[in-house]
Amino acid sequence: MTLPLVSTLVTPPVNEVELLARASALAGYTLGELATHAGLVLPANLKRDKGWIGVLLERYLGASAGSKPEQDFADIGVELKTIPVDSAGRPLETTFVCVAPLTGNSGVTWETSHVRYKLARVLWIPVEGSRDIPLAARRVGTPLLWSPDAQEELRLKQDWEELMDLIVLGQVEKITARHGEVLQLRPKAANSRALTAAIGEFGQPIMTLPRGFYLKKTFTGPLLARHFLI
DNA sequence: GCCTGATCATTG
DNA sequence: CAATGATCAGGC
């Protein structure tokens with residue numbers, strides 16, 4: 001077996017076929033093998049390197065690095081998501097989608113939302129995530145190129161509209177992770193002291209904890225399972 | 001602080 | 001013991 005080229009030599013994929021071929025070539029390798037081959041130092045665990053796996057796979061696949069609010073493969077309209085799974089392929093964590101806009105939302109619709117944009121086309125790469133497997137021994141799984149079907153998009157749209165209505169109406173601080181069936185709103189910040197502008201209950205400006213949209217496991221689980229059962 | 005990449009760890 | 005709320009790292 002031959003490992004794919006290291007990240008520094010990887011240019012962005014020109015189409016989905018090439019991207020999927022690159023991702024498929026990683027399936028079966030351990031994170032230790034991929035780290036060594038890329039000349040990266042594997043952290044002991046993910047406590048202080050929570051996004052490490054995502055960055056590693058970005059480099060192998062030729063994703064445009066950086067912190068731009070764009071898709072990872074903007075040229076071909078694809079977002080990359082690594083997702084930790086258990087031995088049965090079920091997700092171990094929710095999936096962050098994007099930061100939630102808490103101000104300037106007049107006229108924003110589902111059709112023009114960042115959530116819809118980010119989820120329009122996603123390359124899911126499951127990675128063994130059980131904490132009792134040492135990071136170096138965790139294996140990369142089979143990738144899945146996905147777009148929401150009509151039913152999935154409807155459920156996302158309904159949750160997004162419910163959450164955005166609350167945000168616009170000054171109820172952001174009343175929203176908990178229990179709102180929404182498949183999409184939830186949770187803190188997304190450096191810590192609980194971080195603040196960003198939002199709208200208060202009387203329509204006045206307030207400062208509150210930054211929030212992000214996350215996909216619940218009840219959404220990503222069946223999505224992954226459907227693929228691997230077919 | 002904002003946005004990217006997410007997982008951690010306390011709690012119900 | 002799953003899920004919610006909190007947190008970690010890095011670039012700009």
Side-chain angles (χ1 to χ4, degrees), chain A residues 7 12 23 26 31 34-35 38 40-74 78-88 90-105 113-115 117-119 122-135 138 140-141 159 163 167 172-198 205-221:
Chain A
S7 56
L26 301 179
L31 297 180
L34 295 181
L40 298 179
V41 178
L42 193 94
N45 56 60
L46 298 180
K47 288 183 184 180
R48 294 189 166 273
D49 296 271
K50 296 179 179 180
W52 189 86
I53 298 174
V55 173
L56 173 71
L57 296 188
E58 277 186 354
R59 293 185 54 166
Y60 267 96
L61 298 176
S64 45
S67 55
K68 300 181 289 286
E70 289 181 350
Q71 292 162 321
D72 295 291
F73 305 96
V78 178
E79 172 75 9
L80 172 67
K81 287 293 177 193
T82 60
I83 183 166
V85 296
D86 66 14
S87 57
R90 293 172 298 220
L92 289 168
E93 295 287 350
T94 57
T95 302
F96 172 71
V97 180
C98 61
V99 167
L102 303 184
T103 59
N105 284 311
S113 70
H114 288 197
V115 172
Y117 168 72
K118 286 270 187 173
L119 297 181
V122 178
L123 179 68
W124 297 98
I125 302 187
V127 178
E128 288 180 333
S130 298
R131 294 190 205 177
D132 42 75
I133 306 176
L135 194 57
R138 297 184 194 177
V140 175
D159 284 349
L163 292 166
I167 288 171
V172 64
E173 294 188 321
K174 289 192 168 59
I175 300 175
T176 74
R178 296 162 193 81
H179 286 84
E181 298 293 322
V182 298
L183 190 71
Q184 60 183 180
L185 196 77
R186 305 219 309 275
K188 170 64 172 176
N191 54 59
S192 59
R193 281 88 65 194
L195 292 174
T196 194
I206 63 170
M207 296 300 284
T208 193
L209 192 57
R211 317 298 165 95
F213 288 109
Y214 295 80
L215 296 176
K216 298 182 71 169
K217 292 191 280 184
T218 50
F219 184 81
T220 53

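Within every chain, numbering begins at 1; the chains are lettered A, B, ... in the order of the sequence lines, protein sequences first and strands thereafter.
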Taking the side chain as C-beta and beyond, is there a heavy-atom pair between A:P210 and A:V99 under 4.5 Å? no
If you define the side chain from C-beta out and look only at heavy atoms, does anything of A:L34 sit under 4.5 Å from A:L57? yes
Rounded to whole Å, how long is the line connecting atom CZ of A:R131 with atom P of C:dA2? 11 Å
Could you check which residues of residues 41-48 of chain A get a heavy atom under 4.0 Å from DNA chain B? Sort them by number, please. A:L46, A:K47
Name the first nucleotide and the last nucleotide along DNA chain B (5' to 3') that come under 4.0 Å of a heavy atom in chain A. B:dG1 to B:dA9
Would you check if A:L56 and A:T82 make a side-chain contact, meaning some heavy-atom pair closer than 4.5 Å? no
Contacts of A:D159 that satisfy side-chain contact (heavy atoms from CB on, under 4.5 Å) - sequence neighbours left out: A:E162, A:E181, A:V182, A:L183
Mind checking if A:L195 touches a base, just sugar-phosphate, or nothing, with heavy atoms under 4.0 Å? sugar-phosphate
Is there a side-chain contact (heavy atoms from CB on, under 4.5 Å) between A:I53 and A:I125? Walk through the geometry before answering. CA-CA 10 Å; A:I53 298 174; A:I125 302 187; over 6 Å; no
Could you list the protein-to-nucleotides 4-7 of chain C atom pairs, N/O on both sides, closer than 3.5 Å?
from, atom 1, to, atom 2, distance (Å)
C:dT4, OP2, A:Q184, NE2, 3.2
C:dT4, O3', A:R178, NH1, 3.4
C:dG5, OP1, A:R178, NH1, 3.2
C:dG5, OP2, A:A177, N, 2.9
C:dG5, N7, A:R186, NE, 2.8
C:dG5, O6, A:R186, NH2, 3.0
C:dT7, OP2, A:S192, N, 2.6
C:dT7, OP2, A:S192, OG, 2.8
C:dT7, O2, A:K50, NZ, 2.5
C:dT7, O4, A:A189, N, 3.3
C:dT7, O4, A:A189, O, 3.4

Stepwise side-chain contact (heavy atoms from CB on, under 4.5 Å) check, A:F96 with A:R186: CA-CA 9 Å; A:F96 172 71; A:R186 305 219 309 275; over 6 Å; no
Nearest heavy atom decides the nucleotide; on that basis, is A:V97 or A:P210 closer to the 5' end of DNA chain B? A:P210
Could you check if a side-chain atom of A:L61 sits within less than 4.5 angstrom of a side-chain atom of A:D72, using non-hydrogen atoms only? no
The helix from B:dG1-C:dC12 to B:dG12-C:dC1: angle between its terminal axes, five pairs each, to 10°? 30°
A:F213 side chain near A:H114 side chain, heavy-atom distance below 4.5 Å: no
Do A:T220 and A:K81 make a side-chain contact, defined as non-hydrogen atoms from C-beta onward lying under 4.5 Å apart? no
What does A:G51 touch in the nucleic acid at a heavy-atom separation under 4.0 angstrom: a base, only the sugar-phosphate, or nothing? base
A:H179 side chain near A:L163 side chain, heavy-atom distance below 4.5 Å: yes
For A:A44, give me all partners under side-chain contact (heavy atoms from CB on, under 4.5 Å), at least two apart in sequence or on another chain. none
Test item: A:Q184 side-chain N/O and A:A177 main-chain N/O as donor-acceptor pair under 3.5 Å: yes
Using a cut-off of 4.0 Å on non-hydrogen atoms, how would the nucleic acid contact of A:Q71 be classed: base, sugar-phosphate, or nothing? nothing
